[in-house]
Number of protein chains: 2
Amino acid sequence: MHLQKYERIPRATIARLAVYVQELEVMEQQGIKVISSEKLAWSCGVNPSQIRKDLAYFGEFGVRGVGYYVYELREAIKQSLGMDRTWNVVMVGVGNLGRALLRHHLLRKRGFVIVAAFDCDPFKIGEEIAGIEVQCTSKLPQSTIDMGVEIGIITTPPERAQRAANYLIEGGIKGIVNFAPSRITAPENVVVEYVDFIHNLFSVAFNITQHQIKGLL
Amino acid sequence: MHLQKYERIPRATIARLAVYVQELEVMEQQGIKVISSEKLAWSCGVNPSQIRKDLAYFGEFGVRGVGYYVYELREAIKQSLGMDRTWNVVMVGVGNLGRALLRHHLLRKRGFVIVAAFDCDPFKIGEEIAGIEVQCTSKLPQSTIDMGVEIGIITTPPERAQRAANYLIEGGIKGIVNFAPSRITAPENVVVEYVDFIHNLFSVAFNITQHQIKGLL
DNA sequence: TGTATATTGTTAAAAATTTCACTATGCACC
DNA sequence: GGTGCATAGTGAAATTTTTAACAATATACA
C-alpha cells in the first residue's frame, strides 16, 4: 500500500508529469486505452523507470503486468499537479508577448484564466484584447485582492519587471511567472518562476556548435 | 594554466551562463566595473561556487582577490556560448505566438535573425509581419538550404509540429526549438529543444499548493 | 618588501537525480 | 487452479549536479 510521503518533489518531475499528460491526451485521442511505462517513456523521450519513479511520488496508478489505463492515469496526474482546477491569473505588461498570451487559448484550456491585464502605457489603457480591457497598473493591487487572483504573469520590459512584481506582491499574489529577462526579488512565500525562451535558443545554438566540434574530433 | 577540457557541459550550466550575461549587462549599465562571484550569485539567485564552477568549464576569467571584470566576463561567456555571432532562423507556424516572436526585437538583439516564416494556411501566405513575408511551407526545405539556415522554430499547433519538423529536417536544419506542446522525433544530428511555458505555470501552481499544504502542517 | 585581506580556481564532500535490477502481482491461457 | 508472461513498484547503485572547503594568488598598505 502506498503511504503518503512528504518528500520534496523535484522540479524536473513536475515538468515531466506535465509532458506525460500531454502525451497521454494524444494517446487517448488515438483510442489507446492502456499504455506501458516503456511505451509512454518512448514517446516522452525519457527512461521508463523515470516515469514509474515520478508517479510513485503521488501514488500507485498502474496495474502490474498490464500497464496504466490512459484515462485514469491522465486524471490522476492532473489531480496530483493541481491541473484539475482553474487558476485566476493577471498579466502585467501588454506588449507583443503579452498580447500573444492573452490570445493563447491553450492557457485557458489548461485552467489558467487571465482575468485582467495591466500596463502603464496610457496609449494601451482601455484597449481590449481577447475580451480583456487593459487597465492602469496602479489599479492592480486592489483588483487582484478583489478577484482573488493567485498567479501573476510579468511580460513587461526587463527594467520594469521588479516594479510589476512589487505591485503583484502588494496585491497578495502567491506565484509569479516572469517572462521578462531579469531576475526579481520576492518574499519567501511567493513562488517565482522564470521563462526565457531565448535561453532555449542559446542552448540549441550551443549544442549545434558542440556537435560540430565533436564531429571534427 | 587552464587546459581545454572535453567534459560534457550540463544543460543547466548553459542556462545559467545566459542568466549571468543578462545580469552582467545590467551591472555594466549601472557602471559597475568589477564584480565578485558572491555578488553576481546573489543577483542571479544562485550559489557563488556554482558560478565559479560553471565558468571553469570554459576557462579562467577572474582575478583572484579581485573578482571578475564585468565587461571581460560578459564577452568571455558570450564567446563561450556562441552568443558572439548571429544565427539565421526560420519559423514554421504563424499564429499568435509566432507573430509575437516575429515582432520580438530581443531575438534579433541576441543574434537570432528570423529570415523567413512559413505557414500552410493560404490566408496567411503573403501576409507581412515585422518585414517578413509569410510563405507556403512547401517552399521551406529549399529556402533553408539556399539561405544557410541553421535553426528552426516551430510555432504550429501540436498536431502539425512533426510535419513542420520533417520539413525543417529535409531543409538540412541543425537545431529545432519546438514551442508546440508535442514531442517530435528527429535524427541524432539534429538538436531539439522544447519550450512550453504552460509547464512553468503548472510549476508555480503546484508550488503554491505545496506551500499551502506545508503551511498547514 | 612583508603581511593582511579578498576572492578566484579547484578538489572533495554532499545532495539530488536517474537508472538499474529485482520483486511483486495481475492476466491469459492451458 | 496452475503456469508463464508482462509490467508496475521499489530499494540500491550509479551518475550527475551542487555545495562546501581550501589552497593559490592578486592587491593594498604598512
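Given the structure is predicted, the values throughout are model-derived calculations rather than measurements. A, B, ... follow the sequence lines: proteins, then strands. Residue 1 opens every chain.
How far OH of B/Tyr71 is from CZ of B/Arg74: 6.5 Å, rounded to the nearest 0.5 Å.
In this structure, B/Leu55 atom CG and D/dT18 atom P are separated by 14 Å, rounded to whole Å. Atom P of nucleotide C/dT25 and atom CZ of A/Arg52 are separated by 16 Å, given to the nearest angstrom. Between B/Phe61 atom CZ and C/dT10 atom P there is a gap of 11 Å when expressed in whole angstrom units. Remark: C1' of C/dT10 and CD1 of B/Ile51 are 16 Å apart, rounded to the nearest angstrom. Atom-to-atom, CG of B/Asn47 to C1' of C/dA16 comes out at 15 Å; the value is rounded to the nearest Å. Between the CG atom of B/Leu40 and the C1' atom of C/dT8 there is a distance of 13 Å, rounded to whole Å. One can place CD of A/Glu60 at 11 Å from C1' of C/dA24, the figure rounded to the nearest angstrom.
Between the side chains of A/Glu170 and A/Asn166, no donor-acceptor pair is found at a separation under 3.5 Å. For the residue pair B/Asn200 and A/Tyr194, no side-chain donor N or O sits within less than 3.5 Å of a side-chain acceptor on the partner.
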Whether each nucleotide of nucleotides 1-7 of chain C has a protein heavy atom under 4.0 Å at its base (B), only at its sugar-phosphate (S) or at neither (-) is summarised, 5' to 3', as -----BB
Which nucleotides of nucleotides 12-17 of chain D have their base under 4.0 Å from a protein heavy atom (B), which only their sugar-phosphate (S), and which neither (-), written as one string 5' to 3'? B----S
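Between A/Phe197 and B/His104, the angle of the ring planes lies from 30° to 60°, which puts this pair in the tilted group.
The pair B/Arg85-B/Glu150 meets the salt-bridge criterion, since a charged nitrogen lies less than 4.0 angstrom from a carboxylate oxygen. Electrostatic pairing of A/Lys174 and A/Glu193 does not count as a salt bridge here, judged by no charged N lying under 4.0 Å from a carboxylate O.
Residue-environment remark: CD (B/Gln79) stays at or below the threshold of 12 foreign heavy atoms within 6.0 Å.
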Run the side chain to side chain contact (heavy atoms under 4.5 Å, CB included) test on B/Ile153 and A/Leu201 for me, step by step, so that the C-alpha distance in whole Å, both residues' side-chain angles and the decisive distance to 0.1 Å come before the verdict. CA-CA 9 Å; B/Ile153 291 180; A/Leu201 279 157; 4.2 Å; yes
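Ring centroid separation for the pair B/Phe61 and B/Tyr68 does not come in under the 6.0 Å cut-off.
The shortest side-chain heavy-atom distance between B/Val177 and B/Ile154 does not fall under the 4.5 Å cut-off.
Just one of B/Ile51, B/Asp54, B/Val19 meets the side chain to side chain contact (heavy atoms under 4.5 Å, CB included) condition when paired with B/Val46; it is B/Ile51.
The stretch residues 71-83 of chain B does not touch DNA chain D, since none of its heavy atoms comes less than 4.0 Å from the strand.
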